[in-house]
Amino acid sequence: MSEIVTPLMIDLDKKNIVIVGGGSIAERRIRSLLENGGLLTVISPTIGEGIQKLWQTAQLTWKKKRFEAVDLADAFLIIAATNDPTVNELVVHHSPQDALLNVAAQAEKGNIHFPAHFKQGKLSISISTDGASPMLAAKIKDNLHTVYDENYGDYVDFLNESRKLIKHSLLDKSTQSLLLKELLAESFMDEQKQTKTIAWLEKLSGKDRVG
């Protein structure tokens, strides 16, 4: 992996994701991917209780076997997460050049790594130290989680709806921009104020007259 990495948001919907390994490390990676719509396949002779429950509820496919190069065919994202360095090296060696590869124990051997991350609705916050200190990244994530709590999920939904209404209005671009900035004031975290604002914006955009 290059020393210079680029943060990206990737759509994994219906993409083939292969996880080699069935222990706690593999489970952590799997749980971070469950809500992304990817097609998860676990390659491992044995799996932990957590992964087994996910398999039993049809949230992933489990191939009860040792890793083989053919297991990586058509994989969009590959995760090497075993506790056997030799197996992890085999995964790296046989990974297609155009596949995304994460090596859980040695991020520098892959071309992507997983940052510390949390979501509040549409708000997604990730923290990375480029592998220098995952514990620091986790600590910063925990600190930010207390600042950007569950209320921000609803607030971002409000901002999203407001933006659509403002863009649909006949206001000039400069006024639209000023109004969008005003909505970032902390007072708009209030649910009642959000409701009143949406009603006002609907009148402004003419949406309340549709139908």
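Remember, predicted model here, so these are calculated numbers, not experimental data.
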Considering all heavy atoms of both residues, which atom of Gln52 and which atom of Ile47 are nearest to each other, and what is their separation?
-> CA-CD1, 3.6 Å
Show your reasoning for whether side chain to side chain contact (heavy atoms under 4.5 Å, CB included) applies to Ile10 and Phe76.
-> CA-CA 11 Å; Ile10 300 177; Phe76 178 81; 4.1 Å; yes
Atom pair NE2 (His117) and OG (Ser126), whose distance is rounded to the nearest 0.5 Å | 4.0 Å
Lys141 and Ile125, any side-chain heavy atoms less than 4.5 Å apart = no
When you measure from the side chain of Asp11 to the backbone N and O of Asp13, does any donor-acceptor pair fall under 3.5 Å?
-> yes
For Trp62, which of Leu40, Ile19, Val42 qualifies under side chain to side chain contact (heavy atoms under 4.5 Å, CB included)?
-> Val42
With distance as the sole test, does Ser95 use its side chain to make a donor-acceptor pair with the main-chain N or O of Val91 at under 3.5 Å?
-> yes
Evaluate the side-chain proximity of Phe158 to Thr197: yes if any heavy-atom separation is below 4.5 Å, no if none is.
-> yes
Looking only at non-hydrogen atoms, find the nearest pair between Gly21 and Ser44 and report the distance.
-> C-CB, 3.8 Å
Could you give the distance from CG (Asp172) to CD (Gln176), rounded to the nearest 0.5 Å?
-> 7.5 Å
Check the pair Ile43 / Glu68 against side chain to side chain contact (heavy atoms under 4.5 Å, CB included), numbers first and verdict last.
-> CA-CA 9 Å; Ile43 309 295; Glu68 298 175 281; over 6 Å; no
Can you list every salt bridge (Lys or Arg N to Asp or Glu O under 4.0 Å) pair that touches residues 177-201, not counting sequence neighbours?
-> none
Checking Asp142 side chain against Lys139 main chain: does a donor-acceptor pair fall under 3.5 Å?
-> no
All heavy atoms of Val5 vs all of Asp130, minimum pair found to be CG2-OD1, 3.2 Å
Contact check, side chains of Ile112 and Leu101, non-hydrogen atoms, under 4.5 Å | no
Show your reasoning for whether side chain to side chain contact (heavy atoms under 4.5 Å, CB included) applies to Thr41 and Leu60.
-> CA-CA 6 Å; Thr41 299; Leu60 54 80; over 6 Å; no
Atom pair CG/OG1 of Asn88 and Thr82 - distance to nearest 0.5 Å | 3.5 Å
Donor-acceptor pair, Ser205 side chain versus Glu202 backbone, under 3.5 Å?
-> yes
What salt bridge (Lys or Arg N to Asp or Glu O under 4.0 Å) pairs are there with at least one residue in residues 34-55, not counting sequence neighbours?
-> Glu49-Lys53
Verify same cluster id: Phe114, Met135 (apolar side-chain graph, 4.5 Å) | no
Ile25 and Ala104 have their tightest heavy-atom pair at CG2-CB, 3.5 Å
Minimum-distance pair of heavy atoms, taken over all atoms of Pro134 and Ala132 = CD-C, 4.0 Å
The single option from Ile30, Leu54, Ile51 that satisfies side chain to side chain contact (heavy atoms under 4.5 Å, CB included) with Gln59 is Leu54
Check whether any side-chain heavy atom of Ile79 lies under 4.5 Å from a side-chain heavy atom of Val18, and answer yes or no.
-> no
Taking everything shown except Leu184 itself, do over 12 heavy atoms lie less than 6.0 Å from its CG?
-> yes
Are any of the side-chain heavy atoms of Lys65 and Asp71 separated by less than 4.5 Å?
-> yes
Is there a path of hydrophobic side-chain contacts, each under 4.5 Å between heavy atoms of I, L, V, M, F, W or Y residues, that connects Ile198 with Val156?
-> yes
Which pairs pass side-chain hydrogen bond (donor to acceptor under 3.5 Å, both in side chains) with one or both residues in residues 14-30, sequence neighbours excluded?
-> Glu27-Arg31, Arg29-Asn102
Above 12 or not: heavy atoms from other molecules or residues under 6.0 Å from CG of Asn143?
-> yes
Asn83 atom CG, neighbour heavy-atom count above 12 within 6.0 Å = no
Under 3.5 Å donor-acceptor, Ser162 side chain and Leu159 backbone | no
Verify the neighbour count for atom OH of Tyr148: are there more than 12 heavy atoms of other residues, nucleotides or ligands below 6.0 Å?
-> no
Minimum heavy-atom separation for Arg163 to Leu180, with atom names?
-> CA-CD2, 3.9 Å
Please tell me if the side chains of Tyr155 and Asn160 come closer than 4.5 Å, counting only heavy atoms from C-beta onward.
-> no
Exam field: side chain Asp84 to backbone Thr86, donor-acceptor pair closer than 3.5 Å | yes
Which value, rounded to the nearest 0.5 Å, describes the distance between Ser124 atom OG and Phe118 atom CZ?
-> 8.5 Å
Any idea how Phe67 and His94 line up, ring-wise: parallel (<30°), tilted (30 to 60°), or perpendicular (>60°)?
-> tilted
Is there a path from Val70 to Ile17 through hydrophobic residues (I, L, V, M, F, W, Y) whose side chains come within less than 4.5 Å of each other?
-> no
Distance col, row Leu165:CG vs Leu179:CG, nearest 0.5 angstrom, shows 10.5 Å
Starting at CG of Leu170, measure out to OG1 of Thr175 and round the result to the nearest 0.5 Å.
-> 11.5 Å
So Leu100 and Asn111, side chain to side chain contact (heavy atoms under 4.5 Å, CB included) or not? Walk me through it.
-> CA-CA 6 Å; Leu100 299 178; Asn111 54 22; 4.3 Å; yes
Linking I/L/V/M/F/W/Y whenever any side-chain heavy atoms sit under 4.5 Å apart, do Leu39 and Leu12 land together?
-> no
